[in-house]
Amino acid sequence: MHKLLVVIDYQKDFVDGALGFPKATKLDDGIAQQLQAYLAAGDQVLFTYDTHAAHYLETREGRGLPVPHCIDGSDGWRLYGKTQEQVCETCCNRQIHTVRKVGFGMAPADIVALASELGEVREILLVGVVTNMCVISNAVLLQAQWPEAQITIDAALCASFDDSLHEKALDVMESLQMHVLHRGA
């Protein structure tokens, strides 16, 4: 039985870069603490990286969100702050997995490959940004892959640039029988 911490797109461009917003900066300590706790317990950690090419503005997403961000290899593509420092300290750790995604959610092939690598997962905790876009998309995909796993979203370690959409996304995830912790914290 595995526990999995999923850190969704906690990258510089979503925190203090092209699409950054103040609430995202406040998540760093808590995400880094969760990361440290999962690694110390021998549990698995997955980082999703929003990853775009130079032609991002020509994509469907880029036409709808015309702000270049998370361009592969750029400074804005990298993880943010203490979370990045934790990963650098454990860069060769076999507990850490990464998925580069070109849209809001991971590609089905990436989820299948991850499932093959991890095997049974019973508990999944999601943290990161943006709650109403990438967090909810990946929560649904993970629930489809591991239908018996308990999916939990730590609302205090997720954020959106829009508080109303953050709350609505949490409502939807609860309606999908996911647990939401620390709501309103």
Side-chain angles (χ1 to χ4, degrees), residues 4-39 44-54 56-57 59 61-62 64-91 93 95-106 110 124-142 152-170 172-173 180-185:
L4 177 65
L5 171 65
V6 182
V7 181
I8 305 291
D9 299 356
Y10 199 61
Q11 296 162 265
K12 293 182 79 159
D13 269 348
F14 287 117
V15 180
D16 66 355
L19 293 172
F21 55 101
K23 287 192 176 184
T25 61
K26 297 175 183 172
L27 305 178
D28 193 33
D29 285 337
I31 291 174
Q33 288 171 5
Q34 282 287 3
L35 173 60
Q36 186 175 36
Y38 269 69
L39 293 174
Q44 303 295 306
V45 177
L46 169 65
F47 287 95
T48 67
Y49 285 82
D50 195 43
T51 304
H52 301 293
Y56 169 75
L57 294 177
T59 67
E61 182 183 317
L65 179 63
V67 178
H69 64 281
C70 297
I71 304 301
D72 196 3
S74 70
D75 190 52
W77 178 84
R78 297 183 196 328
L79 295 174
Y80 178 79
K82 292 178 183 176
T83 301
Q84 172 63 37
E85 291 170 15
Q86 285 280 338
V87 171
C88 286
E89 291 173 10
T90 58
C91 67
N93 190 318
Q95 294 167 257
I96 296 178
H97 311 271
T98 61
V99 171
R100 293 171 174 237
K101 55 187 196 56
V102 297
F104 299 136
M106 291 179 273
D110 289 331
I124 301 172
L125 175 64
L126 284 91
V127 300
V129 294
V130 168
T131 314
N132 54 290
M133 297 168 87
C134 297
V135 173
I136 192 171
S137 296
N138 287 287
V140 169
L141 291 165
L142 291 163
T152 303
I153 296 84
D154 189 333
L157 296 180
C158 291
S160 174
F161 50 86
D162 182 317
D163 290 338
S164 173
L165 290 176
H166 170 79
E167 291 299 325
K168 288 176 182 176
L170 295 174
V172 169
M173 289 185 279
V180 176
L181 301 176
H182 308 119
R183 200 160 187 180

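Side-chain atoms are counted along with the backbone in the values below, which use heavy atoms only and exclude waters and symmetry mates.
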Rounded to the nearest 0.5 Å, how far does [atom2] of [Y] lie from [atom1] of [X]?
{"X": "Q86", "Y": "L79", "atom1": "CD", "atom2": "CG", "value": "11.5 Å"}
{"X": "T25", "Y": "D16", "atom1": "OG1", "atom2": "CG", "value": "8.0 Å"}
{"X": "I153", "Y": "N138", "atom1": "CD1", "atom2": "CG", "value": "11.0 Å"}
{"X": "F14", "Y": "C70", "atom1": "CZ", "atom2": "SG", "value": "4.5 Å"}

Partners meeting salt bridge (Lys or Arg N to Asp or Glu O under 4.0 Å) with [X] (sequence neighbours left out):
{"X": "K26", "result": "none"}
{"X": "K12", "result": "D75"}
{"X": "K23", "result": "D163"}

Set of side chain to side chain contact (heavy atoms under 4.5 Å, CB included) partners for L165, sequence neighbours left out: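 Testing L165 for side chain to side chain contact (heavy atoms under 4.5 Å, CB included), a comparison that skips the adjacent residues, returns N132, D162, K168.
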
Residues Y49 and Q11: side-chain donor-acceptor under 3.5 angstrom: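 The criterion, which ignores hydrogens and geometry beyond distance, is not satisfied for Q11 and Y49.
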
Can you check whether [X] reaches [Y] side chain to side chain, under 4.5 Å on heavy atoms?
{"X": "T48", "Y": "C134", "result": "no"}
{"X": "L142", "Y": "M106", "result": "yes"}
{"X": "T59", "Y": "H52", "result": "no"}

Polar side-chain atom of [X] near backbone of [Y] as donor-acceptor pair, under 3.5 Å:
{"X": "Q95", "Y": "L39", "value": "yes"}
{"X": "Y10", "Y": "A24", "value": "yes"}
{"X": "S137", "Y": "M133", "value": "yes"}
{"X": "K82", "Y": "E85", "value": "no"}

Sequence neighbours excluded, every pair satisfying salt bridge (Lys or Arg N to Asp or Glu O under 4.0 Å) that has a member inside residues 124-133: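 Counting only pairs at least two positions apart or across chains, no salt bridge (Lys or Arg N to Asp or Glu O under 4.0 Å) contact touches residues 124-133.
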
Atom pairs and distances, side-chain donor-acceptor, residues 124-131, under 3.5 Å, sequence neighbours left out:
residue	atom	partner	partner atom	Å
T131	OG1	A159	N	3.2
T131	OG1	A159	O	3.2
T131	OG1	H166	ND1	2.8

Reference residue F47; test side-chain contact (heavy atoms from CB on, under 4.5 Å); the match among V6, V7, D9: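 Among V6, V7, D9, the one meeting side-chain contact (heavy atoms from CB on, under 4.5 Å) with F47 is V7.
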
Heavy-atom closest pair, residues D28 and Y80: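 Distance-wise, the nearest heavy atoms are OD1-O, 3.4 Å.
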
Minimal non-hydrogen separation, P68 against A18, with atom names: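 So the minimum-distance heavy-atom pair works out to O-CB, 3.4 Å.
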
Within 6.0 Å of CD in Q36, more than 12 heavy atoms from elsewhere: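 Counting neighbours around CD of Q36, 12 or fewer heavy atoms of other residues, nucleotides or ligands fall under 6.0 Å, so no.
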
